[in-house]
Amino acid sequence: MLKASRQLVVAHGVVQLGNTKSACRYIQRLTNAPVAFGASFSTSTTSTFGRGFGHRGVTGLISSRSRQPLLSTWSSRGSRTQMRTVTLAACPEAQPPTPETSFDVIVVGGGHAGSEACAAAARTGAKTLLLTQKLDTIGEMSCNPSFGGVGKGVLVREIDALDGLCGRISDLAGVQFRILNRSKGPAVHGPRAQIDRKLYKQHMQKILHEYSNLTIKAGSVSDIVLAADILPPSTSFAPEQSSRVQGEIKGIKLESGEVIYAPKVVITTGTFLKGEIHIGLEAYPAGRINEEASVGLSDSLAQAGFQLSRLKTGTPPRLNGKTIDYTELTPQYGDMPPSPFSYLNKEVPNAHRQLICYQTSTNSRTHEVIRNNLHKSIHIRETVRGPRYCPSIESKIMRFAAKEAHTIWLEPEGYDTDVVYPNGISMTLPEKEQIEMIRTVKGLENVEVLRCGYGVEYDYVDPRELQRTLETHRIRGLYLAGQINGTTGYEEAAAQGILAGVNAGLAAQSKSPLILTRADAYIGVLVDDLITKGVEEPYRIFTSRSEYRLTLRADNADLRLTRKGYEAGCISDYRWKMFQETERDMERGMEMMNNFTLSPPKWTELGLGRSDDGIKRSALEMLGFPNIKIEHFHKAIPELKEIDLAIQEKIEIEGQYAVYLRRQGAEVTAFMRDEAMEIPANLDYSIVPNLSNETRSKLIKHRPATLGAAKRIEGMTPSSIVELLKYVQRTRQPSTTLTGENIRPGSRKDRIRQRLFAKQF
Amino acid sequence: IGKIVTGIVKAVVVLVTIIIIVLINAFILVVAVAAAVAVAFVKTAVGCGRTIAIVTITVIVTVNIEASTIAAAAVGTTTSTTTSPATIAADAPAIASTPVVVPVSMSSATGTTCLARYYAHQAKPKSALDYREPVLRYTESHLDTIYALSTHPGKAGVAVIRVSGPHAKQHDVSWSGTSKTTICGESEATVSIEWRALGQRNGDMVSRAFENDKFDLTEIEGLADLLNAETEAQRRLALRQADGGLRLLYDNWRTELIKSMALVEALIDFGEDENIEDDVYDTVIEKVTDLYRDIKRHTEDDRCGEILRDGIQVTILGPPNAGKSSFLNFITKRQAAIVSPIPGTTRDIVEVSLDVGGYPIIIGDTAGLRSSTDVIEMEGVRRAQDRIQTADINIAILPVTDFLSPQSEGHKLEANAISNTGVDPVVLNAIRKNPKTMVLINKMDLFDKDGNDQEMAMAKIRESLWPEFDQVSQDTKDLTITGNIDSKVDHRLWAISCEKGEGISGFLKDLVVSLKDRFNSSLVGGSSITQYRHRKHLENCLQSLEAFMDLGADDVVLGAEELRHAASDLGRITGRVDVEDVLDVVFREFCIGK
């Protein structure tokens with residue numbers, strides 16, 4: 001029995017172990033650890049090894065029909081066996097959970113995703129632990145010293161609307177504030193701020209240390225700890241098509257061996273998963289410069305069956321500002337008055353001492369130096385995908401050979417530092433060549449390079465493994481957020497962090513999740529793109545990614561999201577009070593503008609001349625005409641002046657886009673209809689009739705949560721969608737047998753029922 | 001006697017088969033089976049062994065057809081001549097030796113239509129259940145070679161059986177067909193069988209094509225049209241589309257639109273940091289204007305493609321008792337409409353589908369146009385007027401007597417006696433309103449045939465119908481009574497006699513010529529819109545493009561919004577325009593990288 005079973009295990013088969021004793025012995029052999037013949041097995045008649053996870057010929061979970069939790073951990077670090085499966089009793093270090101070692105939510109990683117996630121989880125009322133390698137790097141801005149931008153700025157506002165941190169902290173730490181795209185209409189305004197790195201980190205750490213429900217702990221995570229009592233033995237057909245849930249998280253294991261328990265774990269390890277730094281021809285493992293990569297976790301995830309791939313990114317050298325000659329460079333000033341990110345702030349502390357950025361550019365000599373040294377970089381020679389929109393200077397020169405100059409922005413990193421960040425020239429040449437190249441640039445002839453640029457290559461998890469809450473399909477209670485999902489950028493990371501944190505916190509307390517759709521927020525767009533399309537290059541948000549750009553604006557993020565967040569339970573009282581005021585004012589203002597209706601001649605009297613077409617128009621409708629601003633109505637509607645300026649601006653934008661917003665509203669309705677059509681998570685696609693093999697395999701891979709998501713999968717044909725819709729509608733009927741007995745979804749009877757339905761088509 | 005005995009034995013076998021079928025197959029009407037049984041008996045009694053085989057097949061085949069057609073089919077068999085059975089009997093042994101057996105026979109309402117059923121290899125039907133689905137789905141190797149009747153049952157004059165799969169070519173010889181790489185992406189033998197065939201269509205071909213990823217939406221629609229094609233012209237049109245003629249055109253537009261979108265999106269998302277020049281937007285406006293012009297031109301094609309696909313609507317109009325119904329009956333060669341000497345016999349519109357020189361025509365006989373107190377007749381006249389409005393081609397039939405004063409007598413057609421006073425003004429109006437109306441002067445048999453006189457009389461009638469075009473006819477002078485006229489002349493006249501059947505074939509020939517003039521461009525030249533769906537989306541797309549051009553360079557974001565709408569409509573024809581398509585172009589065209 002044992003011999004046979006071992007072979008079968010390797011072959012990813014389903015193994016039935018005859019009795020408890022043999023099961024234990026088998027585990028013992030596998031793990032080299034004593035297994036207690038204790039309570040956990042006493043009631044089980046059969047234990048079944050689940051099928052394999054597809055990697056390196058090892059199996060995954062042990063499940064026991066007795067529903068007694070078996071604890072299994074994966075660890076591969078340097079061990080001969082790829083997998084060790086241990087029961088709780090066999091894990092000597094594993095102390096039973098105590099109040100000190102058990103939490104509702106554990107967040108691993110203290111970057112932008114991690115800090116938002118832990119704060120969000122804590123806000124929902126969950127007892128949260130933030131685990132980070134170094135306490136000092138919480139809130140570190142590892143690349144460019146700025147927050148926001150076109151599209152990204154809207155993300156920051158949305159995070160703020162959900163009571164997140166990064167907007168508020170950026171306001172505190174910002175050294176220059178600008179609204180990008182001012183000339184192009186409010187729908188695409190992009191608030192951006194240059195940030196003082198040190199200030200940002202300080203403020204972030206301060207806030208997190210004071211956050212209620214949140215504990216912060218330094219420690220390196222070596223593994224995730226799983227319970228495996230949920231799977232019924234997988235039966236004969238189509239294993240990969242049945243429900244993908246294969247385990248449930250129980251906590252994490254630290255390098256020290258300590259196990260910390262929590263039903264929900266959010267992993268936000270950024271570029272640290274098997275991170276590898278490239279400078280010139282050198283490559284060594286590291287997450288960020290001078291920080292250790294995490295290898296074990298990556299292997300654990302791979303063993304759990306997650307699809308891991310490599311991505312790369314880079315960062316430019318850092319310069320000494322004192323050695324830069326600014327005299328001939330074009331300065332760029334901040335806005336005055338600056339617009340803060342956070343809806344809680346009316347102004348920013350550094351408004352009157354904003355720093356200046358400078359613009360310079362590469363030239364033909366620069367390009368020559370780079371071209372001559374291309375062979376000295378392993379980063380660019382590799383096939384790993386880097387971002388197309390933020391390429392290294394090397395790839396810019398290779399891909400756009402005809403372009404004679406590339407812009408470089410010289411951005412100060414803060415008040416009490418001379419470090420300057422040259423935005424636009426991330427590179428991986430050897431140090432000597434970097435210096436040579438940089439000194440060809442105007443203004444940088446004598447510059448001192450403080451730290452040279454480098455490239456990072458890292459593992460990311462195929463985000464199609466995720467649900468809309470950023471929980472993995474595979475392991476219940478495990479959430480992934482940030483760069484680990486293949487995104488790039490602080491804002492994208494923070495956006496995922498807050499969503500994962502809120503949902504982990506809510507789920508830990510058995511509350512219903514916060515789901516953001518494409519029509520709700522850029523966060524929704526981001527998540528939906530990730531989970532339906534996956535990524536091929538580091539993913540960054542653009543306004544063009546949103547179909548509802550006119551609706552999803554930087555100015556109205558609070559009106560779109562704060563109420564939703566409050567209902568879900570992640571908004572603090574202070575913000576809620578502020579928001580209610582805003583909402584009231586907004587309603588009042590809109591009402592005023594809507595009710596103030598005049599005929600064209602009357603409008604002409606007020607100086608808002610229009611040709612007389614005899615149609616009476618409200619003040620709000622008048623805003624739809626070009627060059628009419630809300631100030632023009634102050635005389636006619638004096639009460640308008642009492643309303644806060646920021647809200648007046650919102651009203652003006654609503655009026656300006658009114659016609660388009662109505663059309664978009666209709667589109668959103670249609671979209672929501674598709675989104676409301678949920679597809680059962682355990683749908684057996686193999687028996688949905690008339691699907692082509694191609695679409696079938698795509699559906700199996702993506703497991704779209706809704707019909708809308710199915711439609712968005714690349715390569716889906718309209719006919720497949722129709723078939724899917726027909727099938728889902730038919731099979732939706734209540735599951736009962738002829739005798740009226742209920743059928744459990746996913747059970748054998750259920751599958752037979754689905755097959756019968758399939759035949760009827 | 002021996003013959004009769006074997007006949008009876010065979011009849012019993014047939015009966016048993018039928019009973020089994022009836023027991024298992026719930027879809028068959030007992031009535032239909034009874035009819036088939038009756039047929040079987042009739043044939044057996046005649047004692048023709050060969051026919052029995054046919055009838056057996058007929059019965060089996062009827063199982064697959066909806067109940068309503070069964071009765072008709074059975075009736076058809078009884079009335080059919082022996083020609084079709086003979087064909088089958090001759091061919092059956094040869095076919096039986098090939099892997100594919102093709103027993104064929106059937107009659108339909110129109111006469112000698114046969115019915116084709118195909119069996120995979122030597123596979124005998126296991127049970128009647130097998131018949132419910134097309135039998136010829138898979139060979140023994142199960143998924144390799146598939147067979148299906150490609151033509152629409154009951155519609156197609158020529159049955160095309162597609163054989164697709166690795167072994168398709170094997171059947172070449174026995175089928176004397178041609179083979180080529182196919183829609184399904186596998187080698188295929190297309191076999192034309194000159195039997196008029198009825199059969200079942202199944203989705204194997206299309207779904208196989210899906211699996212092999214060989215189709216886009218327009219091509220599938222083209223294929224659907226092909227399968228439904230009733231006439232040669234429709235077939236050619238559908239083939240063009242299935243070949244991807246439309247796809248090329250639409251894809252081209254799609255690419256252009258994506259390029260424009262990419263420029264605008266680049267301006268919005270990266271304009272600030274990357275110093276993308278402002279004249280980019282002017283380029284976009286130029287591009288969009290060109291695109292607008294192209295699409296507009298495409299949609300302004302007089303709907304030729306759609307008309308051809310759906311059938312050309314032809315209306316027969318004229319005063320009561322002009323011989324409209326006789327004309328219809330003559331060209332359809334059957335008593336489609338009731339004919340009587342009583343004016344106003346036809347009330348409702350009688351529609352018949354015809355294949356005229358390869359063009360699909362739906363010809364409608366209408367009530368005679370006149371004022372009447374009869375409520376029903378007036379409703380008929382109203383319907384006639386409606387149909388005249390919407391028809392693609394109108395044929396007016398006027399009795400020659402209407403042009404003669406009541407006192408003129410004898411058998412000679414006096415040109416001088418002709419005037420239009422006898423023509424009902426309603427009819428005259430209907431004719432004059434549409435310059436393309438073809439006018440047939442009926443009842444020419446009332447007069448002696450004298451070429452010269454008739455010619456002059458026709459010229460006179462012509463003149464009286466369209467006095468203002470008098471001059472034109474004088475100049476061209478090539479008007480003949482057979483209607484063999486210069487195509488430059490708009491107004492045509494044909495002298496016919498429905499009674500004797502004279503002049504009608506000449507008219508039909510000319511009709512084909514004019515159909516060719518009108519519709520051939522959509523068969524040969526650029527692709528034409530064949531689906532209403534396409535037209536609708538293209539029109540919406542045009543609207544959005546127009547809105548974009550109206551916006552000018554004032555608001556880039558709203559402009560982008562309109563382009564997105566345009567792309568979404570175009571995408572419904574060619575496949576969705578995804579943001580990734582746009583971003584691909586953005587990153588190819590611009591060096592973006594802050």
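Numbered from 1 within each chain, the chains take letters A, B, ... in sequence-line order.
Contact count against chain B (heavy-atom pairs under 4.5 Å) is highest for A:Leu180 among A:Ile393, A:Thr695, A:Leu180. Chosen from A:Gln664, A:Arg663, A:Glu667, the residue pairing most often with chain B at heavy-atom distances under 4.5 Å is A:Arg663. By number of non-hydrogen pairs under 4.5 angstrom with chain B, the leading residue of A:Glu547, A:Lys403, A:Lys711, A:His406 is A:Glu547.
Ring to ring, B:Phe548 and B:Tyr292 are not that close: their centroids are 6.0 angstrom or more apart.
Of the atoms belonging to B:Asp555, it is side-chain heavy atoms, and not backbone ones, that fall under 4.5 Å from chain A. Within the 4.5 angstrom heavy-atom criterion, only side-chain atoms of A:Phe400, from C-beta onward, approach chain B. For A:Glu536, no part lies under 4.5 angstrom from a heavy atom of chain B. For B:Asp584, the parts sitting under 4.5 Å from any heavy atom of chain A are the backbone and the side chain alike.
Salt bridge status for A:Arg518 with A:Asp529: present, with a side-chain N to carboxylate O gap under 4.0 Å. Ion pair B:Glu561/A:Arg549 not flagged as a salt bridge, since none of the NZ, NE, NH1 or NH2 atoms sits closer than 4.0 Å to an Asp/Glu carboxylate oxygen.
With A:Ser546 contributing its side chain and A:Thr543 its backbone, the two residues share no donor-acceptor pair below 3.5 Å.
Distance check: A:Ile397 CD1 to A:His367 NE2 gives 4.0 Å after rounding to the nearest 0.5 Å.
Evaluated for a side chain to side chain donor-acceptor pair (under 3.5 Å) with A:Asp528, the options A:Arg712, A:Arg545, A:Lys533 yield exactly one hit, A:Arg712.
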